[in-house]
Chemist: 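This is the structure, below, for whatever I ask next.
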Amino acid sequence: MATLNRNGVNLHYVDEGSGPAILLTHGFGASSRMWEGQVEAFRDRYRIIAWDMRGHGDTDSPEDPSKYSEPATVADIAAILDACGVDSAVIGGLSLGGYMSLAFNLAHPERTDALMLFDTGPGYNNPKGREGWNQFAIRRAEAFETRGLDSLGDSAEVKAARHRSAEGLAKAARGMLTQRDASVIQSLTAIDKPTLVATGANDQNFLAAHGYMSENIPGAMNFLIADAGHAANIDNPADFNAAVEAFLASLPA
């Protein structure tokens with residue numbers, strides 16, 4: 001494990017294995033621990049970098065709410081790649097982590113070799129849909145503010161995580177889980193990188209997004225992971241890893 005201090009915020013990350021670099025970002029309420037099965041499965045052939053977003057896991061939870069945002073998260077990913085001496089990598093993530101991966105590609109296409117989007121939504125073209133999502137995110141924040149870490153729930157990826165405080169998660173919900181515009185979803189048709197879209201077949205809330213991204217990202221490879229919900233990599237690691245393996249094998253050497 002390693003720590004990078006970026007402008008006073010300590011970012012926790014793991015960096016294991018050797019070979020082509022893959023950077024993985026977890027979902028909201030989870031942490032880099034959710035990727036332990038993938039680190040173990042791929043580190044003999046790939047360099048796996050997984051990190052904790054602000055307010056999550058072992059990364060700091062700044063007091064200033066303005067320190068939590070999509071641009072700050074994208075900059076954190078770039079800083080971790082810099083700290084690892086990696087110019088470009090396969091950029092992947094689950095749920096919020098997948099959304100941030102798309103945002104990173106939009107900001108830094110030259111550093112994105114390929115994309116892996118797991119149980120992810122690309123945002124909303126419709127402002128009403130975005131507002132509905134943001135209201136959901138604010139309710140999540142309020143739950144952390146009133147009930148603390150008890151409001152995390154018991155999903156597989158959340159149970160794998162350990163967090164320092166509920167305050168950081170509340171601020172992350174307000175500043176990072178909420179969405180400001182349609183730039184990410186509108187970038188899909190212009191993506192020119194190999195892209196994997198993989199979703200748990202039982203992840204009802206994200207199946208429509210799976211179909212939308214598969215249809216709108218040119219040449220996207222897509223898999224539905226059987227017997228898996230939102231944390232497809234934990235629910236069915238064998239099929240999940242097989243999908244990732246097939247995608248990585250298809251990339252140019």
Side-chain angles (χ1 to χ4, degrees), residues 1-3 11-17 21-43 46-61 73 76-77 80 84 89-104 115-121 137 140 144 149 151-166 168-169 172-173 176-177 196-203 205-206 209-210 223-245 247-248:
M1 80 180 51
T3 302
L11 307 173
H12 168 83
Y13 65 97
V14 296
D15 178 8
E16 296 195 24
I22 300 172
L23 184 140
L24 297 172
T25 304
H26 59 82
F28 179 79
S31 75
S32 58
R33 292 175 182 269
M34 70 168 293
W35 301 115
E36 288 178 349
Q38 285 62 58
V39 172
E40 179 66 27
F42 292 100
R43 65 183 174 187
Y46 296 91
R47 184 177 181 182
I48 309 297
I49 303 165
W51 71 294
D52 294 342
M53 288 190 284
R54 295 171 183 234
H56 294 74
D58 291 319
T59 285
D60 285 352
S61 298
T73 306
D76 287 345
I77 294 174
I80 289 171
C84 294
V90 175
I91 304 295
L94 183 138
S95 199
L96 176 60
Y99 179 88
M100 292 299 184
S101 298
L102 285 166
F104 180 83
L115 285 164
M116 298 196 297
L117 310 173
F118 308 124
D119 296 87
T120 292
R140 291 297 305 274
F144 284 114
L149 292 176
S151 65
L152 267 171
D154 60 357
S155 61
E157 73 274 21
V158 165
K159 287 195 291 186
R162 289 198 288 268
H163 302 291
R164 294 181 178 181
S165 74
L169 291 167
M176 293 157 54
L177 192 58
L196 169 66
V197 181
T199 305
N202 300 330
D203 190 4
N205 291 333
F206 285 83
H210 173 98
F223 290 91
L224 286 175
I225 310 301
D227 302 317
H230 192 55
N233 66 311
I234 298 174
D235 295 340
N236 187 346
D239 286 358
F240 181 92
N241 290 346
V244 171
E245 187 76 69
F247 174 70
L248 294 175

Chemist: Mind checking whether His26 and Trp51 have parallel, tilted or perpendicular rings, split at 30° and 60°?
Modeler: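 Rings of His26 and Trp51: tilted, 30 to 60°.
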
Chemist: Run through Val14, Leu94, Ile22 and flag the one making a side chain to side chain contact (heavy atoms under 4.5 Å, CB included) with Trp35.
Modeler: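 With Trp35 as partner, side chain to side chain contact (heavy atoms under 4.5 Å, CB included) holds for just one option, Leu94.
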
Chemist: Find the distance between CD1 (Ile91) and CG (Leu115) and round it off to the nearest 0.5 Å.
Modeler: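 Between atom CD1 of Ile91 and atom CG of Leu115 there are 7.5 Å.
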
Chemist: Please report the shortest heavy-atom distance between Gly121 and Tyr99, naming the atom on each side.
Modeler: O-CD1, 3.5 Å

Chemist: Test side chain to side chain contact (heavy atoms under 4.5 Å, CB included) on Asp15 and Arg47; report intermediate values, then the result.
Modeler: CA-CA 7 Å; Asp15 178 8; Arg47 184 177 181 182; 2.7 Å; yes

Chemist: Do the non-hydrogen side-chain atoms of Leu196 and Val90 ever get within less than 4.5 Å of each other?
Modeler: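 No; the side chains remain at least 4.5 Å from each other.
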
Chemist: Could you go through the side chain to side chain contact (heavy atoms under 4.5 Å, CB included) check for Glu157 and Ser95 one step at a time?
Modeler: CA-CA 11 Å; Glu157 73 274 21; Ser95 199; over 6 Å; no

Chemist: With rounding to the nearest 0.5 angstrom, report the CZ to CG distance, Phe42 to Asn241.
Modeler: 4.5 Å

Chemist: Kindly say whether Gly37 contributes a backbone atom to a donor-acceptor pair with the side chain of Asn233 at under 3.5 angstrom?
Modeler: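 No, because the side chain of Asn233 does not come within donor-acceptor range (under 3.5 Å) of the backbone of Gly37.
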
Chemist: What distance separates Asp58 CG from Arg33 CZ, expressed to the nearest 0.5 Å?
Modeler: 6.5 Å

Chemist: Which atoms form the tightest heavy-atom contact between Leu117 and Gly98, and what is the distance?
Modeler: CD2-O, 3.6 Å

Chemist: Given Tyr13, which partner from the list Ile80, Thr3, Ile77, Leu23 fulfils the side chain to side chain contact (heavy atoms under 4.5 Å, CB included) test?
Modeler: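 When side chain to side chain contact (heavy atoms under 4.5 Å, CB included) is applied between Tyr13 and each of Ile80, Thr3, Ile77, Leu23, only Ile80 qualifies.
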
Chemist: Which heavy atom of Met34 sits nearest to which heavy atom of Gln38, and what is that distance?
Modeler: O-OE1, 3.8 Å

Chemist: Considering all heavy atoms of both residues, which atom of Ala30 and which atom of Ala161 are nearest to each other, and what is their separation?
Modeler: C-CB, 3.8 Å

Chemist: Which atom pair, heavy atoms only, marks the closest approach of Gly153 to Val158?
Modeler: O-CG1, 3.8 Å

Chemist: Any ion pair linking Asp60 and Arg164 (charged N to carboxylate O, less than 4.0 Å)?
Modeler: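 Looking at Asp60 together with Arg164, the answer is yes, because their closest N to O distance falls below 4.0 Å.
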
Chemist: Rounded to the nearest 0.5 Å, what separates atom NE2 in His56 from atom CG in Leu11?
Modeler: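 Here the rounded value is 13.0 Å.
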
Chemist: Could you check whether any side-chain N or O of Ser32 sits under 3.5 Å from a backbone N or O of Asp52, counting only pairs where one atom can act as donor and the other as acceptor?
Modeler: no

Chemist: So, taking the atom named CE in Met53 and the one named OG1 in Thr25, what distance separates them when rounded to the nearest 0.5 Å?
Modeler: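 That separation rounds to 6.5 Å.
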
Chemist: Would a distance-only check, ignoring hydrogens and angles, find a side-chain to backbone donor-acceptor pair under 3.5 Å from Asn236 to Asp227?
Modeler: no

Chemist: How about Phe118 and Phe240: are their ring centroids closer than 6.0 Å?
Modeler: yes

Chemist: Walk me through whether Ile234 and Lys159 qualify under side chain to side chain contact (heavy atoms under 4.5 Å, CB included).
Modeler: CA-CA 11 Å; Ile234 298 174; Lys159 287 195 291 186; over 6 Å; no

Chemist: Output, in order, the C-alpha distance, side-chain angles, deciding distance and verdict of side chain to side chain contact (heavy atoms under 4.5 Å, CB included) for Asp76 and Thr59.
Modeler: CA-CA 11 Å; Asp76 287 345; Thr59 285; over 6 Å; no

Chemist: So how far is it from Leu24 CG to Ser101 OG, rounded to the nearest 0.5 Å?
Modeler: 8.0 Å

Chemist: Work out which heavy atom in His230 is nearest to a heavy atom in Asp203; give both atom names and the distance.
Modeler: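 Minimum heavy-atom separation between His230 and Asp203: ND1-OD2, 2.7 Å.
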
Chemist: Output yes when a side-chain donor or acceptor of Arg140 lies under 3.5 Å from a complementary backbone atom of Leu177, and no otherwise.
Modeler: no

